[in-house]
Every structure is written in structure tokens, then in C-alpha cells.
Amino acid sequence: MANRTRTKTKTRRLKARAVKPAKSKARPARAARTRPARAARTRPATRARTESKSPAADGVRALARRIVETTLSNDDEGAFALYAGNVESIEPGQPPMRGIDAIRQKFAGWRTMVSSAHFDPRRVCVDGNTIVIEWIGDCTLAASGKQVRLHEVAVHEIRDGKISRELFFYDPATFAQAAAESAS
């Protein structure tokens, strides 16, 4: 019985559509303008929204600024304060590192691999609890003095105001190639 009712209702809808006259696609000729021109708009054009939707979003944006600031100033201790104790960090070709002690070891390894590094943020995007930063880095390898340009994208997942997980995307062959060139 229920199927019959649905079929009847569907049939009625189809018949109702068929009865409606089709709209003409041809445009009528423009008539001469008889109304006076509209006055200029008095309200300002649409502006970008500057206020955030929630206090949590403000916190994530502030954390994004702090990530950039600590990276630009090479402030390792300031950076460690941004991480949750059980943080997970994933670098290309490496097994995931877990915990703040692993982050400290990663930073120490980085400092021994490069004698100097300067990173510039190209784009910083915040969406919900995720921060994505595109970095361009100029690094000098400590072993050879060779200059390397690194293009990197960092994805930081935020929980309770701290970085709980981060993923880095770059070509690890950049460093291997520079080391091989300097060895030959």
C-alpha cells in the first residue's frame, strides 16, 4: 500500500511539472530607461571580517604567530613550550617521534646538521585546530658549508592550546644531494 501511495504522489508531481509552461530563453528587447539612475551606494563595500568566530580560533591563530616567531628567532626553548608532552612529530622518511624529549633530540640533531638556518613563512593558514605553514629556508650545512634552499610545508594539529601532532613535507633528497656534491 505504501508503494502505491508513493507512486501516485510521484505521478501527480510529474503531471504538475508537465503542465507548467516552459520559460522562454530568449531575452526581450531592452526598453528605453524611464526611471532615473539610482543614487550612489551610501554603505561601504563588503569588508573582510576581522573579528574571529570563537575564542578558541583566536588561540589557534595566536599559537600560529608564536610558531612563526620562535622559528624566525631560532628560540628552541620557546618552541618547546608550544608542544604538548605527548606530541607526535613526523618527518619524511623517518619513523614518528613521540614525546617532548624526542622533539628536543630532533632539534639537537638539526643544530648539529646545519651551522645556520633562516626560514621565511610564505603562507600561514589556520583552519579549526590545524595550522599549515609553508616555509622557505636557506640553510648552511655544518659539515661542508654548502648552501641549501629548503621548501617545506608544516602541518600542526592543536589540542588544548598546544601542538599535539606535526607533519613536515619536504624533499629529504635536498640535503643528501648537497652533501654528495660537497663530498665530490
Side-chain angles (χ1 to χ4, degrees), residues 44-183:
T46 305
R47 284 180 266 171
R49 230 178 133 120
T50 55
E51 68 275 357
S52 66
K53 295 179 181 176
S54 72
D58 286 341
V60 176
R61 284 189 186 86
L63 183 58
R65 283 190 293 276
R66 290 198 326 258
I67 291 169
V68 170
E69 290 167 1
T70 58
T71 302
L72 294 177
S73 64
N74 290 316
D75 178 11
D76 290 353
E77 289 303 318
F80 297 144
L82 305 178
Y83 288 99
N86 60 346
V87 63
E88 178 183 44
S89 182
I90 303 170
E91 297 273 344
Q94 302 286 323
M97 298 172 234
R98 289 184 177 81
I100 196 69
D101 290 334
I103 298 293
R104 288 182 185 277
Q105 289 174 355
K106 179 174 85 164
F107 275 53
W110 172 256
R111 297 289 177 217
T112 59
M113 187 171 73
V114 299
S115 57
S116 68
H118 176 75
F119 282 86
D120 286 318
R122 297 277 309 276
R123 288 179 188 85
V124 178
C125 301
V126 176
D127 184 25
N129 289 326
T130 303
I131 301 168
V132 179
I133 305 173
E134 178 187 0
W135 295 99
I136 303 293
D138 291 313
C139 308
T140 305
L141 298 178
S144 64
K146 176 93 173 153
Q147 289 281 325
V148 176
R149 177 154 275 205
L150 180 66
H151 296 266
E152 175 183 69
V153 174
V155 179
H156 304 278
E157 295 175 10
I158 311 306
R159 188 174 300 128
D160 299 326
K162 300 274 188 172
I163 301 169
S164 63
R165 185 170 188 252
E166 63 183 5
L167 298 97
F168 294 95
F169 299 93
Y170 58 88
D171 184 5
T174 304
F175 291 111
Q177 183 181 6
E181 287 174 5
S182 63

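Since we're looking at a predicted model, the values are computed, not measured. Just so it is clear, the values below take in all heavy atoms, side chains as well, and ignore hydrogens, waters and symmetry mates.
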Under-4.0 Å salt bridge between R122 and E152: no

Residues V68 and P121: closest non-hydrogen pair is CG1-CG, 3.8 Å

Out of curiosity, N129 CG to R159 CZ, how far, rounded to the nearest 0.5 Å? 8.5 Å

Distance from L167 atom CG to E88 atom CD, nearest 0.5 Å? 7.5 Å

Nearest 0.5 angstrom please: I103 CD1 to E166 CD, how far? 5.0 Å

Hey, does N74 have a side-chain heavy atom less than 4.5 Å from the side chain of R111? yes

Verify whether one side chain among T140 and S115 offers a donor that lies under 3.5 Å from an acceptor in the other. no

Taking K146 for its side chain and C139 for its backbone only, find out whether a donor-acceptor pair lies under 3.5 Å. no

Could you tell me if the side chain of E91 sits less than 4.5 Å from the side chain of K106, heavy atoms only? yes

Once you round to the nearest 0.5 Å, how far does CD1 of I163 lie from CD1 of I100? 9.0 Å

Of all the heavy-atom pairs spanning T70 and G78, show the shortest one and how long it is. CG2-C, 3.8 Å

Parallel, tilted or perpendicular for F107 and Y83, by the 30°/60° rule? perpendicular

Stepwise side chain to side chain contact (heavy atoms under 4.5 Å, CB included) test for T174 and H151: CA-CA 9 Å; T174 304; H151 296 266; over 6 Å; no

Check step by step if side chain to side chain contact (heavy atoms under 4.5 Å, CB included) holds for D58 and R61. CA-CA 5 Å; D58 286 341; R61 284 189 186 86; 4.2 Å; yes

Measure the spacing between CH2 of W135 and CG of L72 and express it to the nearest 0.5 Å. 5.0 Å

Nearest heavy-atom pair of F169 and P92: which atoms, and what distance? CA-CG, 4.4 Å

Test side chain to side chain contact (heavy atoms under 4.5 Å, CB included) on E77 and R104; report intermediate values, then the result. CA-CA 9 Å; E77 289 303 318; R104 288 182 185 277; 3.4 Å; yes

Interatomic spacing from CZ in R165 to CG in N86 - rounded to 0.5 Å: 12.5 Å

Closest heavy-atom contact between M97 and A102? CB-CB, 3.8 Å

